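Scroll down for the structure; my scribbles are underneath it.
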Amino acid sequence: MKQKAPQISPNKLYASLLKKKNESEQQLKIVKSPIIQGTSFINSQKNNEGQVKIDSKKPRPASAKDLKDISTVLLKKTHVRQNSKIIETKESSQNPTQSALQLLQKIKADRPDNKIGQIQTSKEILQYHQQLIQKQYQKLLDLSKQTEYHQLKQQQQQQQKQKLFKGPRSISNPDISTLQLCISKAHAKSIPGMLYTGQTKINQDSYKLIQKFGTKENDWYLQVSDGHGTNGHQVAQFVQEILPAYIEQEVLQSPYYYDRDKTITNIFKQNFQKTNEDLLNSGIDVAYSGATTVVVIAFENILYCANIGDSRAIIGRYDAKLSVVELSKDHKPDCFLEQARIIQRGGRVQAYSDEEGNPIGPARVWKLDEDVPGLAMSRSFGDYVASQVGVICDPEIIKHQLLPTDKFLVVASDGIWEFLSNEWVIETVYEFYKKGDAIGACSKLVQAAKEAWKREDEVIDDITVILAFFK
């Protein structure tokens, strides 16, 4: 009887086949990539049938000669792939720099988009760097020229600024300086007018010109008062003596440095009113007499102008051409705000009229039910009757900061302004300003105004002018 073959379970059969498969795969890996193991030396040889026979039982190399032979075999059979190019490791190890250069040349030559481009030679590289250095040098040279230009321009601006600015800078803001502009010289002239009979009349104009007003050398006080009425000359003289003294006393006593504008404004208003009250109590008959007044105080480069009436102050400015800067406004009864105040207080504004009712001359202030006082201005000192119907002595105040283009100041009574325009005055004075002749300029204006009165009217008004040149 035949013996039955021993039965093998499927699990054992599968495990046995899997083990044989793993052993065969391991042998194939060893054949493809011979390496030196850390524990044993593996040598591979081919038998007669061409199969690889692995001897893992051979001991480690006993000498350096055996190790050298093994390294030679490995170097010849081992390859390195770099940038898709095969390089023999032994040959590369002999001259790595030359080998790397050859590799780069091959890669560069094989690129389809750059067949012509080649690795630059040292001469080409040197030439390129020389050109680059030349460009950088040119940029630096241009930058240096621009820097020198800007430095020169800044120096010129600084020199110009030093001419215009002086003094210590503000503690709170060190960039703020004070303009070095002020009145360098001033002169005044006044002549009496003429009656229709040809006789010289009493000069009802008066003026005040004070240098070093207060405590500083470059602070000036300029005032022109124009009297009118029977006692107009007394009123003008009274204002010329009292008003400057009041203002100077207040200026010296007031710490206006923190808010100069407000302080000066209050000083003007309070002392104009105080002067008028003193005038009413002075014993001078001011029922139909009074005086207009314009005052200019120069605190170095800052001017404050206070005005009542029709005397006037202007500045001649030259900036490519001559122009006028008005520091005051004439207070005429027919000005809208002035007329509104007069009407509100029970007065009326109307010019003289002929037999046919046509207006003659300027607008005047009258009482509503009487043809008095007939005053041709809406603000003045004195003039008690007119003050009952809206004529006041509150000054209109204007502040002006001098500019380098401001050349001179003209303060004058209406004897100058009646027939001479602002533009004609500054054109005439500017010719004398260029020569520094303030005296000649005053004489010229007074003479021109006198001749204009002779041509235009039967009488000549009193003429007074003050000129101040800026530096």
Side-chain angles (χ1 to χ4, degrees), residues 163-164 179-194 205 207 209 220 222-226 292-298 301-307 309-332 362 396 398-457 459-471:
K163 292 180 181 179
L164 300 179
L179 275 170
Q180 190 180 359
L181 294 172
C182 59
I183 295 176
S184 60
K185 63 174 64 176
H187 186 71
K189 187 171 184 178
S190 180
I191 63 171
M194 187 180 67
D205 286 357
Y207 68 87
L209 180 60
W220 291 72
L222 303 88
Q223 174 183 314
V224 171
S225 297
D226 182 2
T292 66
T293 298
V294 58
V295 176
V296 177
I297 301 179
N301 66 311
I302 304 294
L303 304 184
Y304 293 93
C305 179
N307 178 55
D310 55 3
S311 294
R312 191 181 305 170
I314 65 171
I315 286 177
R317 174 178 291 174
Y318 185 82
D319 187 6
K321 63 178 182 178
L322 282 171
S323 60
V324 177
V325 179
E326 296 182 350
L327 295 184
S328 66
K329 182 181 72 174
D330 295 350
H331 297 129
K332 299 293 185 180
E396 187 174 22
I398 295 177
K399 174 190 175 182
H400 177 77
Q401 183 167 350
L402 290 177
L403 300 176
T405 52
D406 295 338
K407 303 304 179 183
F408 52 85
L409 169 68
V410 183
V411 183
S413 65
D414 69 335
I416 290 287
W417 309 115
E418 186 70 26
F419 299 111
L420 302 181
S421 67
N422 291 346
E423 290 73 20
W424 187 91
V425 169
I426 64 168
E427 289 175 2
T428 302
V429 173
Y430 185 66
E431 297 302 320
F432 291 88
Y433 170 81
K434 291 188 290 185
K435 298 182 291 186
D437 187 5
I439 297 175
C442 285
S443 300
K444 177 65 177 179
L445 288 182
V446 169
Q447 185 63 29
K450 184 177 180 180
E451 293 175 358
W453 276 96
K454 288 180 179 179
R455 291 193 308 267
E456 303 293 338
D457 209 327
V459 297
I460 299 175
D461 197 3
D462 304 321
I463 301 171
T464 301
V465 60
I466 301 176
L467 279 180
F469 289 173
F470 302 128
K471 68 175 181 179

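The basis for the numbers below is simple: all heavy atoms, side chains too, and nothing from hydrogens, waters or symmetry mates. Predicted, not measured: the structure shown is a model, and the values here were computed from it.
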Does [X] reach the main-chain N or O of [Y] with its side chain, forming a donor-acceptor pair under 3.5 Å?
{"X": "T405", "Y": "R317", "result": "no"}
{"X": "D461", "Y": "G193", "result": "no"}
{"X": "S413", "Y": "T464", "result": "yes"}
{"X": "S311", "Y": "S225", "result": "no"}
{"X": "D310", "Y": "K332", "result": "no"}

Quick one: which of V325, I315, L409 gives a side-chain contact (heavy atoms from CB on, under 4.5 Å) with L402?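 Single pass found, and it is I315.
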For K407, is the NZ atom crowded, meaning more than 12 foreign heavy atoms sit under 6.0 Å from it?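 Counting neighbours around NZ of K407, more than 12 heavy atoms of other residues, nucleotides or ligands fall under 6.0 Å, so yes.
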More than 12 heavy atoms from other groups under 6.0 Å of CD on E326: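 Count not over threshold, so no.
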How many angstroms lie between atom CG of D330 and atom CZ of R312, to the nearest 0.5 angstrom?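 Answer rounded to 0.5 Å: 4.0 Å.
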Looking only at heavy atoms, what is the nearest atom pair of I191 and K450, with distance?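 For I191 versus K450, the nearest heavy atoms are CD1-CD, 4.2 Å.
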Side-chain contact, heavy-atom cut-off 4.5 Å: [X] with [Y]?
{"X": "F408", "Y": "I314", "answer": "no"}
{"X": "Y304", "Y": "V296", "answer": "no"}
{"X": "D205", "Y": "V224", "answer": "no"}
{"X": "D406", "Y": "H400", "answer": "yes"}
{"X": "Y207", "Y": "L222", "answer": "no"}
{"X": "N307", "Y": "V295", "answer": "no"}

